[in-house]
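Right, one structure below, let's go through it.
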Amino acid sequence: MNKTVYIITGPTAVGKSEVALKLASKLDGEIINCDSIQLYKYLDIGSAKPSEEEMKIVPHHLFDMVDPDFNMTVATYQKLAFACINNILERGKTPILVGGTGLYINSVLYNMDFAAKPDTYERREELEKMAEERGAEYMHAYLTAIDEDCASRIHPNNTRKIIRAIEAFEAGEGIKPLDNCELNENYDFKFYALTMDREWLYAKINNRVLKLVKAGLVDEVKSLLDMGYTSDTQALKGIGYKEIIEYLEGKTDQKTAVLNIMKNTRHFAKRQLTWLRRYDNLNWIEIQNGQTSDEIAEYIYEDSIKGEN
RNA sequence: GCCCAGAUAGCUCAGUAGGUAGAGCAGGGGACUGAAAAUCCCCGUGUCCUUGGUUCAAUUCCGAGUCUGGGCA
């Protein structure tokens, strides 16, 4: 059986979805979402989800999977993604994983083991309370006492990660370094990342934020709040949502909220690029000014089949 | 036209009792095994507006000029 799996990634707003759609048409492929926010229902505009029309062109999977208050994890994503990939391959089609959530991509590309039992949120709350009362240094010292090796890899200020490490230690094995993972050899990956000149990318980001606002982002957030979701809801901590909530709560004006979305999106794109630089098996595609998504898809198609008969 | 206050990093500003300067933001780089659109770390040379003067030494003090605010006419 053919085991080819395409992965199309890159920073937010670079144009992944469009290219993937074109590529899917050429390959008789099906698109699998690899974006942590697009997994959620009702978060359509702010997450820049493909439109209903686009989803009709080729099959789209793992969009609108869970309610906004669902506690999504990489482990859950990994399970969903493997099931989806296998199903597509069994039907003789080509899976195309599309998205910018680096850790999620990693969970498919590499053998990440999530077999250990998940921690409980009660314990997490306890640890968070402990961190608040005793401070970051104490938490790091505590982790050092129980799992020195792991503690040495986490910055003392990164309380969130320290708490996770304590949870993981208590659940069994503790957390292992990412770079220990072996490539997942169940599939033949064609791994591509789109990128472009930083200035253009940032201009594109700013532009897209404006478009999202015009498309009704504020109303989307309002309706989510009307449904009973709050700023504590995990999905609503995503970029574009948290800033609009601040505005709706009167903490900022709309203009500031929009500028904050732009800024946070730029920061995010930068972090995505940093993450992706870790992969030496990644094919970077530097998009040139004026290049169309068709051309890029064509390039990926040609590049990926060359050397094969 | 007159009076007052500014002019220092991409932006907003601090500072130097005269010995060529530093914060926040923006920007750049990095880390990452169950929240990842999360969380965390590191990175600051710039005609200190121009030009005279005083001085061993001026971004700093004094004078003049230019520009920008505010006030008075």
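Letters A, B, ... are given to chains in the order of the sequence lines, protein chains preceding strands, and every chain is numbered from 1.
- rA57(B): no Watson-Crick or G-U partner with both key distances under 3.5 Å is found in any strand.
- Using a 4.0 Å heavy-atom criterion, one finds that Asn71(A) contacts no nucleic acid atom at all.
- At a cut-off of 3.5 angstrom, the base of rA31(B) holds no donor-acceptor pair with the side chain of Asn158(A).
- Among the protein residues, Arg278(A) comes within range of the nucleic acid bases, having at least one heavy atom under 4.0 Å from a base atom.
- Using a 4.0 Å heavy-atom cutoff across all strands shown, Thr159(A) reaches no nucleic acid atom at all.
- Counting any heavy atom pair closer than 4.0 Å across all strands shown, Ala115(A) reaches a base atom.
- Across rG29(B), rA35(B), rG34(B), the shortest atom-to-atom separation from the side chain of Lys270(A) is found for rG29(B).
- Taking the centre of each ring, Phe191(A) and Tyr279(A) come in below the 6.0 Å mark.
- Within 4.0 Å of Tyr104(A), counting heavy atoms only, lie sugar-phosphate atoms of the nucleic acid but no base atom.
- Among the heavy atoms of the strands, none lies under 4.0 Å from Asn264(A).
- Using a 4.0 Å heavy-atom distance criterion, Pro177(A) is classed as a base contact.
- Salt bridge Asp44(A)/Lys49(A): present, at least one basic N to carboxylate O contact under 4.0 Å.
- Across all strands shown, Leu178(A) has heavy atoms under 4.0 Å from base atoms, whether or not it also approaches the sugar-phosphate.
- When the nearest nucleotides of RNA chain B are assigned to Arg198(A) and Asp179(A) by heavy-atom distance, the more 5′-ward of the two goes with Arg198(A).
- Within 4.0 Å of Gly240(A), counting heavy atoms only, lies no atom of the nucleic acid at all.
- Among the protein residues, Glu199(A) comes within range of no part of the nucleic acid, since none of its heavy atoms lies under 4.0 Å from any strand.
- At a threshold of 4.0 angstrom between heavy atoms, the contacts of Tyr202(A) are confined to the sugar-phosphate backbone, with no base atom among them.
- Within 4.0 Å of Ser36(A), counting heavy atoms only, lies at least one base atom of the nucleic acid.
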